[in-house]
Amino acid sequence: MEKQGRVFFSSVTLTILIISLLSSTSNAHNITRILASHPSLSTFNHYLTLTHLAAEINRRQTITVLALDNSAMSSLLDKHLSTGTLKNVLSLHVLVDYFGSKKLHQITNGTTLVSSMFQATGTAAGTAGYVNITNLKGGKVGFAAEDNDGLHSFYVKSVQEIPYNISILEISSPLSSADAEAPTAAPSQINLINIMSKQGCKSFADLLRSSKALPTFQDSVDGGLTVFCPTDSAVSGFMPKYKNLTDAEKVSVLLYHGVPVYQSLQMLKSNNGVMNTLATEGANKFDFTVQNDGEDVKLETKVDTASIVGTLIDQDPFVAYKISKFLMPRELFKVSEEESDAPAEAPKASKKGKKKKASPAADAPADGPASDSEDQKAADENAAHSNNAVTFTGVVFFSLFIANLVL
Ligand SMILES: *[C@@H]1O[C@H](CO)[C@@H](O)[C@H](O)[C@H]1NC(C)=O
Ligand SMILES: *[C@@H]1O[C@H](CO)[C@@H](O)[C@H](O)[C@H]1NC(C)=O
Ligand SMILES: *[C@@H]1O[C@H](CO)[C@@H](O)[C@H](O)[C@H]1NC(C)=O
Ligand SMILES: *[C@@H]1O[C@H](CO)[C@@H](O)[C@H](O)[C@H]1NC(C)=O
Ligand SMILES: *[C@@H]1O[C@H](CO)[C@@H](O)[C@H](O)[C@H]1NC(C)=O
């Protein structure tokens, strides 16, 4: 009796411990929750959620948010920007570095340019997307977009600082930038081929350009479209197989790389499961499975596995990612074919626990453009973090097991 009681007690205690540890490590911060206790920032908070920026902020490990109070937000909203443009403007207010109020007042040489999340959208040209922070007379700190006509926004107060994860600083007025405020293309006017060609998916864009699959992609943009674009080297490795397909099969395999809904990276990371594609038609499933391993997102067909290695463009409702491999649907390829595929790619011994012979990230980093580096860095950091959490959980479960044996 007594022994059973103690075992029960210790199990409950440890389970609670596990749950609380897991919940405190899995999400470093939640900007929506932090801002919720500041009514004067409620409009800003609302628009971070509406533009999906909140999820992007939560995903980052080291970040500074320049918050606007409700009256500053209403002056921004008076411009009647589209949601896409507003997202660009607000993403200029999210710095991908940590600035507490102390560091803010002690900038080396009194002025600096800091990279913002607007840079990561792929929309910012040149140095647009940088924020100028300058220490001014009398302890004031001025802020402006890099292409500024003077520093018109000033530090007001520190809202919350969690060194060195997230700092929220209130500034007096919105940062304005011609580049961020440029009207974003209405979805259906987005030139898929141009964007993909420019952002490092030229080979795939070339296949699409001359294909009957293109109109299907183009028609899907308005309602939401996610494109998975294989890297140039992945396309060239796949060409011998592609040339072997009939015309109709070529169209199918290209359509297989599009999904008729908008899926942000955050959504992909939090959703495992089967996903239909533009090629799906009745019994011809043409689906694949989204599988995430920490911050790593993998797409598994029955034939091969690709990893997402970067974001080309993210303009809700259209998003395009770069992937490490050409996706091969089981409807067109033999399941065993992968083994004889691309002999140059040695399987990575270190990749753990995957049932297939695929070597997901083997050719991934080779030709990723520089613009991916921020996302990659954050992803790497997050991956390292979640690995720790997994290891730690393992240790706790093991302790639980031992505790039950002993008691
Ligand atoms: C900062 O983030 C890291 C990683 O998510 C976490 O381990 C740490 O506890 C956080 N620090 C604070 C003060 O919340
Ligand atoms: C963040 O907090 C808000 C408000 O408390 C909540 O609705 C939301 O689900 C939280 N997000 C995450 C990722 O935990
Ligand atoms: C500060 O200014 C000095 C002299 O102009 C320059 O050499 C140095 O690189 C600057 N430091 C930073 C962090 O910009
Ligand atoms: C920031 O802007 C101010 C005012 O336009 C300018 O004098 C300063 O040189 C800029 N700082 C940097 C690092 O570009
Ligand atoms: C092309 O098809 C032929 C006939 O089905 C087959 O023997 C050959 O291996 C295929 N080539 C490639 C690269 O898949």
Side-chain angles (χ1 to χ4, degrees), residues 122-123 185-263 275-282 284-288 299 301 303-304 306-315 317-334 337-338 341-342 344-345 363-364 366-369 371-372:
T123 322
S188 55
Q189 289 161 9
I190 286 176
N191 188 330
L192 300 176
I193 300 296
N194 267 0
I195 291 168
M196 285 170 12
S197 299
K198 275 197 206 128
Q199 306 281 340
C201 267
K202 188 169 181 320
S203 305
F204 186 76
D206 287 344
L207 290 182
L208 204 53
R209 190 199 308 272
S210 54
S211 165
K212 288 208 180 80
L214 181 59
T216 308
F217 277 87
Q218 208 79 54
D219 291 348
S220 304
V221 174
D222 281 331
L225 175 66
T226 303
V227 175
F228 298 100
C229 180
T231 61
D232 289 354
S233 65
V235 173
S236 70
F238 181 73
M239 275 324 274
K241 287 195 170 74
Y242 184 77
K243 288 195 179 123
N244 229 7
L245 298 173
T246 66
D247 283 353
E249 288 170 341
K250 282 177 183 159
V251 170
S252 295
V253 82
L254 293 178
L255 290 176
Y256 190 54
H257 288 74
V259 168
V261 281
Y262 171 80
Q263 289 276 318
M275 194 169 269
N276 282 342
T277 66
L278 293 175
T280 303
E281 198 178 12
N284 279 326
K285 285 209 178 125
F286 281 99
D287 54 11
F288 55 75
L299 312 179
T301 81
V303 186
D304 65 349
S307 304
I308 293 184
V309 295
T311 303
L312 300 182
I313 179 174
D314 183 354
Q315 273 185 14
F318 170 58
V319 59
Y321 302 103
K322 182 184 285 199
I323 58 172
S324 62
K325 283 204 162 186
F326 217 99
L327 298 173
M328 295 198 273
R330 63 159 178 255
E331 285 79 2
L332 298 181
F333 298 94
K334 283 204 280 299
E337 208 162 355
E338 177 64 16
D341 177 35
E345 290 173 19
D363 59 347
D367 62 350
S371 63
D372 292 337

Problem - Side-chain touch S197/R209, heavy atoms, less than 4.5 angstrom - result: yes

Problem - Spacing of CG belonging to L312 relative to CG belonging to L192, to within rounding of 0.5 Å - result: 11.0 Å

Exercise for the section: Please list, chain by chain and in numerical order, all residues satisfying side-chain contact (heavy atoms from CB on, under 4.5 Å) with S210, sequence neighbours excluded. Expected result: none

Exercise for the section: Taking the side chain as every heavy atom from C-beta outward, state whether Y262 and L225 have any atom pair closer than 4.5 Å. Expected result: no

Practice task
Apply ring-ring contact (aromatic ring centres under 6.0 Å, His included) to the pair F217 and H257, showing each step before the final yes or no.
Solution key: CA-CA 10 Å; F217 277 87; H257 288 74; 8.6 Å; no

Practice task
Check whether any side-chain heavy atom of F288 sits under 4.5 Å from a side-chain heavy atom of N276, and report yes or no.
Solution key: no

Handout entry: Sub-4.5 Å side-chain heavy-atom contact between V251 and S211
Key = yes

Exercise for the section: Look up atom OG1 in T277 and atom CZ in F228, then write down how far apart they are to the nearest 0.5 Å. Expected result: 10.5 Å

Problem - Polar side-chain atom of T226 near backbone of V261 as donor-acceptor pair, under 3.5 Å - result: yes

Handout entry: Qualifying residues under side-chain contact (heavy atoms from CB on, under 4.5 Å), relative to N284, sequence neighbours excluded
Key = F286, E331

Exercise for the section: Say whether, by atom type as modelled, one donor and one acceptor occur between the side chain of E249 and the main chain of T246 under 3.5 angstrom. Expected result: yes

Problem - Lys/Arg cation over aromatic F238: K325, 6.0 Å, 45° cone - result: no

Handout entry: Nearest heavy-atom neighbours spanning V303 and R330
Key = CG2-CA, 3.8 Å

Practice task
Evaluate the side-chain proximity of L299 to L327: yes if any heavy-atom separation is below 4.5 Å, no if none is.
Solution key: yes

Practice task
Work out which heavy atom in S324 is nearest to a heavy atom in A234; give both atom names and the distance.
Solution key: O-CB, 3.5 Å

Practice task
Show the numbers, then the answer: is there a side-chain contact (heavy atoms from CB on, under 4.5 Å) between F204 and I323?
Solution key: CA-CA 11 Å; F204 186 76; I323 58 172; over 6 Å; no

Handout entry: Heavy-atom check, side chain of D287 versus side chain of M275, under 4.5 Å
Key = no

Fill in the blank from the handout: Nearest heavy-atom approach of G200 to D232 is O-OD1, 3.9 Å

Handout entry: Heavy-atom pair of closest approach, residues K250 and L245
Key = CE-O, 3.6 Å

Exercise for the section: Verify, without hydrogens or angle tests, whether T311 (side chain) and Y321 (backbone) share a donor-acceptor contact under 3.5 angstrom. Expected result: no

Exercise for the section: Considering non-hydrogen atoms only, spot the tightest contact between P230 and C201 and give its length. Expected result: O-SG, 3.7 Å

Completion exercise
Here the gap from L278 atom CG to Y256 atom OH, rounded to the nearest 0.5 Å, amounts to 12.5 Å

Problem - Flag side-chain contact, heavy atom, 4.5 Å: K241 against V253 - result: no

Fill in the blank from the handout: Here the gap from I193 atom CD1 to K198 atom NZ, rounded to the nearest 0.5 Å, amounts to 12.5 Å

Handout entry: Any donor-acceptor N or O pair under 3.5 Å, side chains T301, D304
Key = yes

Fill in the blank from the handout: Here the gap from M239 atom CE to N244 atom CG, rounded to the nearest 0.5 Å, amounts to 11.0 Å

Practice task
Would you give the length of the straight line joining atom NZ of K322 to atom CD1 of I313, rounded to the nearest 0.5 angstrom?
Solution key: 14.0 Å

Handout entry: Minimal non-hydrogen separation, L208 against L214, with atom names
Key = O-CB, 3.5 Å

